[in-house]
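Structure first, commentary second.
Computation of the quantities below employed the complete heavy-atom set of this structure, encompassing side-chain atoms and omitting hydrogens, waters and symmetry-equivalent molecules. Order of the sequence lines sets the chain letters (A, B, ...), proteins ahead of strands, with each chain counted from 1.
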Amino acid sequence: MNRLKDMLENIRVLLILRLLVGVTFIYAGVLKVKDPNAFADSIASYQLLPVELINVLALGLPVLEIAIGALLVVGLCVRIASFCTLILAGVFALALASALVRGIQVDCGCFGNGATSVRKMWLALGRDILLSATALVLYYENAVKVILKPCQPSSTV
Amino acid sequence: MHMAPMNHSLALKIGRDIGGFVILSITALCIGIALNQLRDHPLPLRYASKAERLDEVVATLGDTQTDPLRSGDSPRADVRRISLDEFRKLAADQKAIVVDARAEIYYRLAHIPGALPLPRNEFDKYYQKYLTVLDANKNQFVLIYCDGHSCKDSELVANALSRLGYTKLAIFGGGWYSWTEHGLPQERL
C-alpha cells in the first residue's frame, strides 16, 4: 500500500496520468462533435433524460470534454479540470451502471457510435471507474495536498 | 510536495469548484449551440428519435417520387424475420436484393457479399443512389440486416422501404454478428 501511495505521489506518474486523462477526454469529445446525431441517440438510449434535454446535452457535453481535456494537457486550472473530470466520469459510470441494472442495452456513446453488447457496456463501465479514480487522485493532489487556487498553474502535478 | 497554509475549509473549496464546473458547463453549452449553427444540417434543439427522423426522410422521398405507388403513406408490407438458413436460401435461390442497414463505415470495413449499403442514418442518400437497382428488382425480396438482434436499424429501414411501396421484405435478425459467427465469407470495399 505504501508503494502504491508513493507511486501516486510521484510527480512524473501524476503528469502521465494528467496527460492520459486529458488526451482521452479530447479524443472522446472530438468524436462526439463529428456526429452529434449519433451521440444524441446514445444519450436517448439510456432512457434517463427528458426529450427536451437530450440534444442540448449532445451539443454541450463534447465541447466540455474537449475543454477539460485541453486544460489537463496544458496544465492550466488543473484543480477545476480534475474536479470536472471526476464529476463527468462519475456521471458516465452511474448512467452505465443504471442501464446494466435495468437490463437496457446501450451504445455507451463514449468514443463515437458503435454496436451494443453487454460485454462492451461492462468494459465501458470499468473504463469510467478507472477514469473517476484517476481524476480523484489528480483532484486530491491539486486541491487537498498542494492547495492550489482554482486556476493557479501547476508546475508539478 | 508542500502543504501551503489552508485559508479556506475543504468544503468551501469544493463549493467553489462546483461553481467552476457549472460556469464551464454553461460556457461549453453556449459554444456547442453556436457551433451547431455552422453545420450544414444543424441538430434541432428538440430530440427526434431515429424512427421519427427516418419518417421525415421517407415523407420527403415519397413526395419526390412520380410513381403514385411510391407515396410515403403506402400501406405497410408484412415484414417477416428470417433465420440465417432462410436468409442464405432466399439470397441464393430467389436472387433477392440484400441491403446492409448499418452505418456506411461498417459496410466499408466488411459486409455480406453482394449486399448494397442502405444505412439508416443516410437513407435518403443511398436510397436515391440505388433506386434504379431496387426498382428494377421490385418483384424480388429485399433482405435487410444490421448488427444483430439488438440492432433496430434493419426494422427501421424495412418500415421505410415498406412505406415507399416495397412489398416483399424480410429482416435477417441475426445480422452481421450471426454471419461472422458462422465464419461465412465477407466482402470489403
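The local environment of CZ in R88(B) is sparse, with at most 12 non-hydrogen atoms from other residues, nucleotides or ligands closer than 6.0 Å.
Of the residues considered (I31(B), N121(B), T27(B), I18(B)), I18(B) shows the highest number of contacts with chain A, using heavy-atom pairs under 4.5 Å. Between chain A and the residues C30(B), C146(B), P44(B), the most heavy-atom pairs under 4.5 angstrom are made by P44(B). Options L43(B), I26(B), L29(B) differ in how many heavy-atom pairs under 4.5 Å they form with chain A, and the most are formed by L43(B).
Only the side chain of I87(A) comes within less than 4.5 Å of a heavy atom of chain B; its backbone N, CA, C and O stay farther away. For R39(B), the part lying under 4.5 angstrom from a heavy atom of chain A is the side chain only. If you measure heavy-atom distances from I105(B) to chain A, you find no contacts under 4.5 Å at all. Heavy atoms closer than 4.5 Å to chain B are found in the side chain of I68(A), but not in its backbone.
Tracing side-chain contacts under 4.5 Å through hydrophobic residues (I, L, V, M, F, W, Y), one reaches V91(A) starting from V21(A); they form part of the same cluster.
Side-chain atoms of D17(B) and Y139(A) include a donor-acceptor pair closer than 3.5 Å.
Under the 3.5 Å distance criterion, the side-chain polar atoms of T24(A) are matched with a main-chain donor or acceptor of L20(A). In this structure a side-chain-to-backbone donor-acceptor pair under 3.5 Å is missing from Y145(B) to W179(B).
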Requested in this report: Could you walk me through whether I14(B) and F83(A) pass the side chain to side chain contact (heavy atoms under 4.5 Å, CB included) test, one step at a time?
Outcome: CA-CA 9 Å; I14(B) 291 173; F83(A) 182 80; 4.2 Å; yes
